[in-house]
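Fair warning: this is a prediction, and the values are worked out from it, not measured in the lab.
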Amino acid sequence: MIDRTLKPLFVAFFGLMALLYVIHNIINLGAAYGAVGYVLSLENNAIFTNNLLPAIGADAVPIFAWIIFLFEIASGLLCLWGAWKLWSARGGDTATYESAKGMAKLGLGLGVVTWFGLFGTLGGAGYQMWQHEIGAGSLGDAFKFSVWALLGLLYLGQRESTA
């Protein structure tokens, strides 16, 4: 029964974390646009000055920032919904509880896509964001978030212990 308490709790914490980060980005919209724009502009990439991906101009930055925000919002909301479904099914039989995991898996999976895919792959590898302080900080945090989401997925996928 402890797994059926911890799993929804961990999923809810991840969902809350995703929403807290995106809310802070939105209420500090100018700073968020600045950080995204700084990375996408390829300015100050002093180590690798040639890049495979094109620099993105300031006019397009809000579009890219809101794509990120929407992924974060969706991950957070899906996790919270999934946590609620898990919590509601915790007293049911194994089949009922297993069927309640889908939304939580989707939310955590979208977290991996967001922070590993968008930040790690596109931002980190594609736009070389590790080359400057703003990007390196975001990339380091994105690594943590994607690992937490992946660990949540792995734990959620485990069968419940009988203890």
Side-chain angles (χ1 to χ4, degrees), residues 1-29 32-33 35-37 39-40 52-53 56 60-130 134-163:
M1 192 63 167
I2 192 147
D3 283 342
R4 290 188 183 196
T5 301
L6 290 176
K7 288 178 180 184
L9 184 64
F10 293 167
V11 173
F13 278 146
F14 189 84
L16 182 60
M17 182 193 72
L19 291 176
L20 286 171
Y21 273 106
V22 75
I23 289 167
H24 282 110
N25 281 328
I26 292 169
I27 63 176
N28 294 285
L29 198 55
Y33 285 172
V36 171
V39 169
L40 295 179
L52 181 64
L53 299 179
I56 303 296
V61 166
I63 295 167
F64 285 92
W66 277 97
I67 289 170
I68 294 167
F69 298 164
L70 290 174
F71 271 77
E72 292 171 344
I73 290 167
S75 177
L77 292 177
L78 288 170
C79 281
L80 291 179
W81 185 11
W84 177 251
K85 289 180 72 138
L86 288 170
W87 185 257
S88 299
R90 73 188 183 288
D93 61 25
T94 301
T96 301
Y97 191 75
E98 287 297 316
S99 70
K101 290 181 178 181
M103 199 59 61
K105 286 181 178 180
L106 186 59
L108 291 169
L110 189 55
V112 174
V113 168
T114 301
W115 284 287
F116 172 61
L118 296 181
F119 283 86
T121 303
L122 293 178
Y127 280 89
Q128 305 295 309
M129 63 195 282
W130 53 267
I134 291 173
S138 296
L139 185 59
D141 286 344
F143 172 77
K144 289 181 240 179
F145 305 154
S146 63
V147 168
W148 289 336
L150 186 56
L151 288 173
L153 269 173
L154 290 172
Y155 180 47
L156 188 58
Q158 300 294 311
R159 291 194 176 274
E160 282 67 47
S161 67
T162 56

For this session: Provide the closest heavy-atom pair for Q158 versus L154 in the form atom of the first, atom of the second, distance.
Result: CG-O, 3.2 Å

Problem set entry | N/O donor-acceptor pair under 3.5 Å between S75 side chain and F71 backbone | no

For this session: Decide if the gap between the ring center of F145 and the ring center of F119 is smaller than 6.0 angstrom.
Result: no

Exercise. Where is the tightest heavy-atom contact between P8 and L86, given as atom of each residue plus distance?
Worked result: CB-CB, 3.8 Å

Exercise. How many angstroms lie between atom CG of L150 and atom OH of Y155, to the nearest 0.5 angstrom?
Worked result: 15.5 Å

For this session: Find the distance between CG (L9) and CH2 (W87) and round it off to the nearest 0.5 Å.
Result: 8.0 Å

Seminar exercise, completed: The reported gap from CG in L16 to OH in Y21 (rounded to nearest 0.5 angstrom) is 11.0 Å

Exercise. Taking atom CH2 of W84 as the centre, does the number of heavy atoms from other residues, nucleotides or ligands within less than 6.0 Å exceed 12?
Worked result: no

Problem set entry | I27 atom CD1: more than 12 heavy-atom contacts under 6.0 Å | yes

Problem set entry | V112 backbone acceptor or donor facing S146 side chain under 3.5 Å | no

For this session: Starting at CG of L80, measure out to CZ of F14 and round the result to the nearest 0.5 Å.
Result: 11.0 Å

Problem set entry | Minimal non-hydrogen separation, I26 against I73, with atom names | CD1-CD1, 4.3 Å

Problem set entry | side-chain contact (heavy atoms from CB on, under 4.5 Å) assessment of L29 paired with Y33 | CA-CA 6 Å; L29 198 55; Y33 285 172; 3.6 Å; yes

Seminar exercise, completed: salt bridge (Lys or Arg N to Asp or Glu O under 4.0 Å) pairs touching residues 75-93, sequence neighbours excluded, are none

Exercise. Which pairs pass salt bridge (Lys or Arg N to Asp or Glu O under 4.0 Å) with one or both residues in residues 120-129, sequence neighbours excluded?
Worked result: none

Exercise. Got V147 and F143 here, is their nearest side-chain heavy-atom distance under 4.5 Å?
Worked result: yes

Exercise. So which pairs with a foot in residues 99-127 pass salt bridge (Lys or Arg N to Asp or Glu O under 4.0 Å), sequence neighbours left out?
Worked result: E98-K101, K101-E160

Exercise. Any donor-acceptor pair under 3.5 Å linking the side chain of S99 with the backbone of T96?
Worked result: yes

For this session: Specify the closest pair of heavy atoms between C79 and G15, including all atoms of both residues, with the distance to one decimal.
Result: CB-CA, 3.5 Å

Exercise. Counting only heavy atoms not in F13, do more than 12 fall under 6.0 Å of its CZ?
Worked result: no

For this session: Starting at CD of Q128, measure out to CG of L53 and round the result to the nearest 0.5 Å.
Result: 8.5 Å

Problem set entry | Closest non-hydrogen atom pair, M129 against L139 | CE-N, 3.8 Å

Problem set entry | Point-to-point distance, once rounded to the nearest 0.5 Å, from OG1 of T114 to CG of L70 | 10.0 Å

Problem set entry | Residue that, paired with Y127, satisfies side chain to side chain contact (heavy atoms under 4.5 Å, CB included) out of V36, L40, L52 | L40

